[in-house]
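Heads up, the thing below is written out as structure tokens.
Only a predicted model underlies this, so the values are computations on that prediction, with no experimental measurement involved. For ligands, and for the atoms within them, numbers begin at 1 and follow the listed sequence.
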Amino acid sequence: MKKQKLILAYSGGLDTSCCLNWLKDKGFEIICFSANLGSEFSPKELRAKAKKSGAFKIYVKDLRKEFSQNYILPSLKAGALYQNKYLLSTALGRPLIAKYLVDIAKSENAGYVAHGCSAKGNDQIRLELAIKSLAPDLKIIAPLRNWELSSREEEIDYAKKNNLPIDSTKNKIFSIDKNIWGVSIEAGLLEDLNNRVPEEAYILTKSVHAALKKPERVEIEFQKGKPVKINKTTLTLTNIIEKLNKIGGRHSIGRTDLIEDRVVGIKSREIYEAPAAWILYKALREIEELVFGKEMLEFKKIVSSYYADLAYRGLWFYELKNSLDAFINKSSNKLSGKVELELYKGNIVTLKRSSRYSLYEKRLATYGKKDLFCRDWAEGFINILGIPLKKR
Ligand code: ARG
């Protein structure tokens with residue numbers, strides 16, 4: 001009998017290595033897919049690992065550009081921030097990975113896709129909801145939800161027994177997901193809320209103590225909500241993000257420690273590092289403050305909050321999210337301008353902002369001479385506002 005084809009989202013880590021072997025034993029022909037979204041990545045190593053673990057074929061793709069343009073940028077423009085502390089790095093990567101799983105399944109004529117997400121996490125939800133949106137008939141297998149292995153130790157034993165190439169030297173203490181938009185760190189000793197985050201948990205950022213002793217200025221230019229230059233140099237969005245991760249990292253920018261409400265109802269502790277994401281998020285809000293009227297700012301808050309929630313819950317390809325994109329794109333047309341920030345010991349301080357669409361008018365705001373504001377207007381205005389108050 002001909003084997004059924006299955007596309008596996010593969011990282012080369014312990015979980016997906018075990019998944020590969022387990023699925024192969026179930027009789028599937030496994031085609032792996034690995035996406036580079038900005039993690040430590042060696043395509044050569046991955047290919048070798050996948051082959052050694054029994055994959056029939058592997059696709060390795062550098063998706064940083066598409067990730068920046070179609071997932072990070074919309075979220076940045078939307079001002080999406082989950083529970084005040086999470087700029088959604090992991091969450092934004094999942095629908096992109098799902099899209100490629102679906103595309104490869106189509107081109108390979110495969111009826112199955114599989115992933116190595118756990119039954120407790122958000123990522124299974126994001127991947128599967130995206131797959132259901134894009135290819136409702138594709139069958140999804142999540143080995144971690146139904147295999148017999150119940151702990152990391154058992155997985156390691158299983159890997160050894162089956163001769164799978166795993167990194168046993170690197171005694172992994174945390175569960176880490178890294179891409180260009182940020183790093184998510186969880187599990188291990190972080191599960192005890194009495195434990196401080198040990199310095200070695202962080203990848204992108206220096207501690208406040210070890211941060212540079214001198215402040216550093218950075219100017220960011222936006223066009224229609226998109227960052228296009230830093231310090232007057234035009235760069236691709238991916239390069240801007242990678243550069244700001246370096247700059248922000250040395251000033252301890254963008255660390256958060258969140259007791260997070262997962263989709264599955266559990267509260268969990270998640271540590272995030274997102275220097276570039278925080279710098280760009282703050283900078284773009286400065287432009288908004290300058291350009292948007294009060295009603296736009298208020299309405300945008302609602303949109304941001306919905307957007308973050310939809311992205312977090314994996315509803316990326318959902319109608320409401322697409323409609324919010326339409327609002328965001330339209331309203332971002334005037335978000336062009338420059339922001340100069342100073343980074344110092346974990347702080348981002350705004351020094352200057354400007355935009356040709358600015359609603360700020362010094363001659364109206366001034367308490368000095370050359371005031372355009374007509375003092376006579378105020379009394380009548382207050383009288384009208386006061387009508388119901390006087391009546392009461
Ligand atoms: N809690 C975050 C989210 O749901 C990150 C999960 C990623 N996993 C990890 N291994 N840290 O988006």
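When R262, R126, R313 are ranked by how near their heavy atoms come to atom 3 (C) of ligand 1, first place goes to R126.
Around atom NZ of K345, more than 12 heavy atoms belonging to other residues, nucleotides or ligands sit under 6.0 Å away. The local environment of CZ in R363 is sparse, with at most 12 non-hydrogen atoms from other residues, nucleotides or ligands closer than 6.0 Å.
Within the 4.0 Å heavy-atom cutoff, Y272 counts among the residues contacting ligand 1.
Note on ring orientation: taking the six-membered ring where Trp is involved, the planes of W316 and Y307 are perpendicular (angle over 60°, cut-offs 30° and 60°).
Close approach of ligand 1 to E260 (heavy-atom distance below 4.0 Å) involves ligand atoms 1 (N), 2 (C), 3 (C), 4 (O). Taking every heavy atom of N122 and a limit of under 4.0 angstrom, the matching atoms of ligand 1 come to 3 (C), 4 (O). Applying the 4.0 Å criterion to heavy atoms of S184 picks out, from ligand 1, the atoms 5 (C), 11 (N). Close approach to Y86 involves these atoms of ligand 1, each under 4.0 Å from a residue heavy atom: 2 (C), 3 (C), 12 (O).
A cation-pi contact, defined as under 6.0 Å to the ring centre and within 45° of the axis, is absent between R375 and F373.
Of the protein's non-hydrogen atoms, the one nearest atom 8 (N) of ligand 1 is E186 OE2, 3.5 Å. The protein non-hydrogen atom at the shortest distance from atom 6 (C) of ligand 1 is E270 OE2, 3.8 Å.
Counting only N and O atoms by type, the side chains of T205 and E273 include a donor and acceptor under 3.5 Å apart. Judged purely by distance below 3.5 Å, without hydrogens or angles, the side chains of Q69 and K226 pair a donor atom with an acceptor atom.
Among the atoms of S175, some N or O lies under 3.5 angstrom from an N or O of ligand 1.
The pair E219-K232 meets the salt-bridge criterion, with a side-chain N (NZ, NE, NH1 or NH2) lying under 4.0 Å from an Asp/Glu carboxylate O.
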